[in-house]
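Values below: all heavy atoms of this structure, side chains included; hydrogens, waters and symmetry mates excluded.
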Amino acid sequence: MEKAAERLKFEEEAWNTRDPERISEGYADNIEMRDGIAFINGKSELKSFLVKKVAEHTHFRLKLDLWGALKARMAVRFEAEWKDQFGQWVHAYGVQVLQFNESGQIEQRFASQEVITVLTNERKLS
């Protein structure tokens with residue numbers, strides 16, 4: 001479980017850099033991913049997705065909490081906040097299921113989430 005927590009910390013730190021190259025380092029070339037309604041297959045699609053997401057989600061902040069890990073799989077609760085292209089704060093929360101390859105890279109990531117707009121004083125992450 002300690003190794004899973006370390007890997008999750010790397011993931012959270014990478015996403016909070018908002019750097020598509022840094023984020024994609026943790027993903028396998030053959031990544032299969034669902035992020036809300038977006039379906040991504042392969043690292044090339046992932047990088048394109050990340051460039052767009054970073055541009056549209058300013059002030060992005062992510063918090064990950066490990067729920068459980070077994071062998072090469074992990075269950076994670078997450079919260080994220082960002083400003084959308086209209087300057088409105090947005091809060092998302094949900095769960096992710098991750099599967100890792102033998103190199104420790106994510107090869108499958110499926111996320112289900114609820115997304116709501118919030119007022120500045122209703123933000124939970126800073």
Student: Look only at the side chain of T17 and the backbone of D19, and say whether a donor-acceptor pair between them is shorter than 3.5 Å.
Tutor: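 Side chain of T17 to backbone of D19, a donor-acceptor pair under 3.5 Å: yes, one is there.
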Student: Could you tell me whether a side-chain N or O of E12 sits under 3.5 Å from a main-chain N or O of L64, the two making a donor and an acceptor?
Tutor: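 The answer is yes, because a donor-acceptor pair under 3.5 Å joins these two groups.
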Student: Nearest 0.5 Å please: distance from the CD atom of E13 over to the CD1 atom of I23.
Tutor: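 Spacing of CD (E13) from CD1 (I23) equals 12.5 Å.
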Student: Surrounding CD of Q85 (heavy atoms of other residues, nucleotides or ligands, distance under 6.0 Å), is the total greater than 12?
Tutor: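 Result for CD/Q85: enclosed.
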Student: Give a yes or no on whether the backbone of V118 and the side-chain of Q88 come within a donor-acceptor separation of less than 3.5 Å.
Tutor: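 It does hold such a pair.
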Student: So, taking the atom named CD in E56 and the one named CG in D84, what distance separates them when rounded to the nearest 0.5 Å?
Tutor: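 The distance works out to 9.5 Å.
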Student: Between T58 and R18, is there a side-chain donor-acceptor contact under 3.5 Å, judged purely by atom types and distance?
Tutor: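 There is no such pair (donor and acceptor under 3.5 Å, judged by atom type) between the side chains of R18 and T58.
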Student: In Å and rounded to the nearest 0.5 Å, what is the NE2 to CH2 distance from H59 to W82?
Tutor: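 Going from NE2 on H59 over to CH2 on W82, the span is 14.0 Å.
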Student: May I ask you to decide if G42's main-chain N or O and E45's side chain share a donor-acceptor pair within less than 3.5 Å?
Tutor: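 Side chain of E45 to backbone of G42: no pair is present.
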Student: Q99 pairs by side-chain hydrogen bond (donor to acceptor under 3.5 Å, both in side chains) with which of K71, R109, R73?
Tutor: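 Result for side-chain hydrogen bond (donor to acceptor under 3.5 Å, both in side chains) with Q99: R73.
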Student: Under the side-chain hydrogen bond (donor to acceptor under 3.5 Å, both in side chains) rule, what do E32 and Q108 come out as? Steps first, then yes or no, please.
Tutor: CA-CA 5 Å; E32 180 184 351; Q108 291 186 323; 3.1 Å; yes
Student: Can you tell me how far the CG atom of D29 sits from the CD atom of Q105, to the nearest 0.5 Å?
Tutor: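 Answer for the CG-CD pair, D29 versus Q105, is 7.0 Å.
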Student: Tell me if a side-chain donor or acceptor on E107 pairs with a main-chain N or O of N30 at a distance below 3.5 Å.
Tutor: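 Flag not set: sc E107 to bb N30 has no pair under 3.5 Å.
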Student: Any salt bridge linking K63 with E79? Criterion: basic side-chain nitrogen under 4.0 Å from a carboxylate oxygen.
Tutor: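 Result for this pair is no, no salt bridge flagged.
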Student: When the ring planes of Y93 and H91 are compared, do they come out parallel, tilted or perpendicular, using 30° and 60° as the limits?
Tutor: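 Correct class here is tilted.
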Student: Is there side-chain contact between R34 and S112, with at least one heavy-atom pair below 4.5 Å?
Tutor: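 The answer is yes; the side chains approach within 4.5 Å.
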Student: Below 30° counts as parallel, above 60° as perpendicular, anything between as tilted: where do the rings of F60 and W15 land?
Tutor: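 Ring orientation, 0 to 90° scale: tilted.
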Student: Working to the nearest 0.5 angstrom, can you tell me the gap between L46 CG and I40 CD1?
Tutor: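 Here the rounded value is 6.5 Å.
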Student: Is the Lys NZ or Arg CZ of R77 less than 6.0 Å from the centre of W67's six-membered ring, within 45° of the axis?
Tutor: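 Cation-pi check for R77 and W67: fails.
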Student: Under 4.0 Å between a Lys/Arg side-chain N and an Asp/Glu carboxylate O for E21 and K47?
Tutor: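 Salt bridge: yes.
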